[in-house]
Amino acid sequence: MYKILHGEKLADQIYLMDIEAPQVTRNCLPGQFVIVKTDEKGERIPLTICDYDRERGTVTIVFQVVGASSYKLSKLKAGDMINDFSGPLGTPCEFLNEDLEQLKKKNYLFVAGGVGAAPVYPQVKWFHEHGLETDVIIGSKTKDMLIMEEKLKAAAGTLYVTTDDGTYGRCGMVTEVIKDLIEREGKKYDHCVAIGPMIMMKFVCLLTKEYGLPTTVSMNPIMVDGTGMCGGCRLNVGNDVKFACVDGPEFDGHKIDFDLAMKRNQMFQSFEQEAHQHARHEGCRCCGGEK
Ligand code: FES
């Protein structure tokens with residue numbers, strides 16, 4: 001069993017939790033994920049690691065409620081126990097294999113959309129801790145949906161904030177900020193990391209391809225159970241078939257067939273919504289439960 005040391009609602013349907021899991025903390029690295037199971041019968045939820053504290057032995061996860069299991073997890077609070085917390089899983093970020101001196105010569109641009117700010121954070125933090133400055137763009141639909149701003153501001157060289165409706169920061173999509181930085185401000189980047197909704201990653205990749213800017217994306221959003229067996233996270237990457245939970249979650253974004261991946265992702269959406277509704281009304285007498 002794993003203890004929740006801290007729980008917090010970051011935005012509508014988005015939650016943060018610090019979990020006591022020293023065996024995960026000992027070895028985890030940016031880019032990796034964990035599998036959470038709230039109770040014995042619960043589903044496995046693959047979640048990218050948002051942060052870790054090796055001294056405290058804690059792992060921070062951030063998740064959005066999309067189905068029954070994430071809904072049940074959101075109802076737990078500090079002091080409650082989680083049945084299973086396995087990891088670290090997946091391949092750590094590629095830049096960790098690079099020579100630090102070579103990496104210092106490169107300019108990295110991080111782009112985070114919505115809940116994608118959570119997996120972007122440990123990467124930006126790693127750069128910061130190694131004395132490397134990065135430009136970071138975070139975007140959300142509205143001001144209320146923006147998460148991790150303060151943490152990213154502390155770790156980024158420069159942070160650019162944008163909201164689709166202009167309620168905070170710049171107004172518009174993250175792709176418009178990328179265009180501004182490269183075309184108007186003349187910024188030069190060697191690598192881009194984009195993590196967020198599939199549609200955002202697709203359009204970031206279409207744009208960065210035009211600039212010839214290598215781009216890494218995280219395909220965590222299409223993972224279902226993280227076992228390597230359900231096939232839910234199957235992807236076409238160039239001419240190869242890959243599984244996000246086994247071969248990723250990070251891939252060369254310019255090689256991914258996003259349309260196919262999004263189609264596959266949508267197959268599970270109605271099932272997840274139905275399960276979420278069912279979980280919300282569990283134990284409800286004449287619908288006197290939470291609606
Ligand atoms: Fe099931 Fe990858 S999530 S095979």
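- P46 and D225 get closest at one heavy-atom pair: CG-C, 4.1 Å.
- Side chain to side chain, Y168 and E149 meet the donor-acceptor criterion of an N or O pair below 3.5 Å.
- Side-chain contact between W126 and L96 is present, with heavy atoms from C-beta onward closer than 4.5 Å.
- Nearest heavy-atom pair across F251 and M219 is CD1-CG, 3.7 Å.
- Using modelled atom types, one side-chain atom of N107 and one backbone atom of K188 make a donor-acceptor pair closer than 3.5 Å.
- Look at E98 and K106 and you find a salt bridge, because one of the NZ, NE, NH1 or NH2 atoms lies within 4.0 Å of a carboxylate O, short of that distance.
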Could you walk me through whether L103 and Y108 pass side chain to side chain contact (heavy atoms under 4.5 Å, CB included), step by step?
CA-CA 9 Å; L103 204 55; Y108 262 69; 3.8 Å; yes
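- With hydrogens and angles disregarded, no donor-acceptor distance shorter than 3.5 Å links the side chain of S140 to the backbone of I138.
- With hydrogens and angles disregarded, no donor-acceptor distance shorter than 3.5 Å links the side chain of T25 to the backbone of D53.
- In this structure, V115 and F63 have side chains that are not in contact, with every pair of non-hydrogen atoms separated by 4.5 Å or more.
- In terms of modelled atom types and a separation under 3.5 Å, the side chain of K9 and the main chain of D12 share no donor-acceptor contact.
- Residues V62 and V124 share a hydrophobic cluster, clusters being chains of Ile/Leu/Val/Met/Phe/Trp/Tyr side chains in contact below 4.5 Å.
- At a threshold of 4.5 Å between non-hydrogen side-chain atoms, the residues F203 and M173 do not count as touching.
- Other residues, nucleotides and ligands contribute more than 12 heavy atoms inside 6.0 Å of the CD atom of E185.
- The nearest pair of heavy atoms linking A117 to L152 is CB-CD1, 4.1 Å.
- Put simply, the side chain of D180 reaches to within 4.5 Å of the side chain of R170, judged on heavy atoms.
- Residue L206 is grouped with residue M198 when hydrophobic side chains (ILVMFWY) are merged at heavy-atom distances under 4.5 angstrom, including chains of intermediate members.
- Between M145 and I14, the closest side-chain pair of non-hydrogen atoms falls below 4.5 Å.
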Show your reasoning for whether side chain to side chain contact (heavy atoms under 4.5 Å, CB included) applies to L132 and L100.
CA-CA 9 Å; L132 283 82; L100 190 59; 3.9 Å; yes
Between V193 and V111, does the side chain to side chain contact (heavy atoms under 4.5 Å, CB included) criterion hold? Intermediate values first, please.
CA-CA 6 Å; V193 176; V111 183; over 6 Å; no
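- The number of heavy-atom neighbours closer than 6.0 Å to CE of M229, taken from other residues, nucleotides and ligands shown, is 12 or below.
- Across all non-hydrogen atoms, the minimal contact from A244 to I222 is CB-CG1, 4.4 Å.
- C245 SG to L89 CG: the interatomic distance, rounded to the nearest 0.5 Å, is 9.0 Å.
- Separating the OG atom in S70 from the CD atom in Q13 is a distance of 8.5 Å, to the nearest 0.5 Å.
- Applying side chain to side chain donor-acceptor pair (under 3.5 Å) to Y189 and the options T208, T215, D135 leaves one that passes, D135.
- The six-membered or imidazole ring of F127 lies near that of F110, with a centre-to-centre distance under 6.0 Å.
- Screening E94, E250, H191 for a side chain to side chain donor-acceptor pair (under 3.5 Å) involving T216 leaves a single residue, H191.
- Listed here is the closest heavy atom pair of I49 and C28: CD1-CB, 3.6 Å.
- Residues L109 and K187 fail the side-chain proximity criterion, which asks for heavy atoms closer than 4.5 Å.
- The hydrophobic cluster containing L260 does not contain I256, counting ILVMFWY residues as joined when their side-chain heavy atoms lie under 4.5 angstrom apart, directly or transitively.
- T167 and D165 share a side-chain donor-acceptor pair at under 3.5 Å.
- Looking only at side-chain heavy atoms (C-beta outward), V36 and Y2 stay at 4.5 Å or farther from each other.
- For E129, the CD atom is densely surrounded, since the number of other residues' heavy atoms within 6.0 Å is greater than 12.
- L146 and V174 are not part of a single hydrophobic cluster, where members link through side-chain heavy atoms under 4.5 Å apart.
- Interatomic distance, L73 CG to K37 NZ, rounded to the nearest 0.5 Å: 13.5 Å.
- In this structure, CD1 in I137 is found 4.5 Å from CD1 in I178, a value given to the nearest 0.5 Å.
- For the atom pair NE2 of H130 and CZ of F95, the computed distance is 9.5 Å after rounding to the nearest 0.5 Å.
- With values rounded to the nearest 0.5 angstrom, K153 atom NZ is found 13.5 Å from M148 atom CE.
- Smallest separation of non-hydrogen atoms from G232 and V224: CA-CG2, 4.0 Å.
- Linking ILVMFWY side-chain heavy atoms closer than 4.5 Å, directly or via other members, places V65 and L76 in a single hydrophobic cluster.
- At distances below 3.5 Å, at least one donor-acceptor pair connects side-chain atoms of R54 with backbone N or O atoms of R26.
- At a threshold of 4.5 Å between non-hydrogen side-chain atoms, the residues D247 and T91 do not count as touching.
- Of the charged side-chain nitrogens involved, at least one lies within less than 4.0 Å of a carboxylate oxygen, so that K104 and E101 count as a salt-bridged pair.
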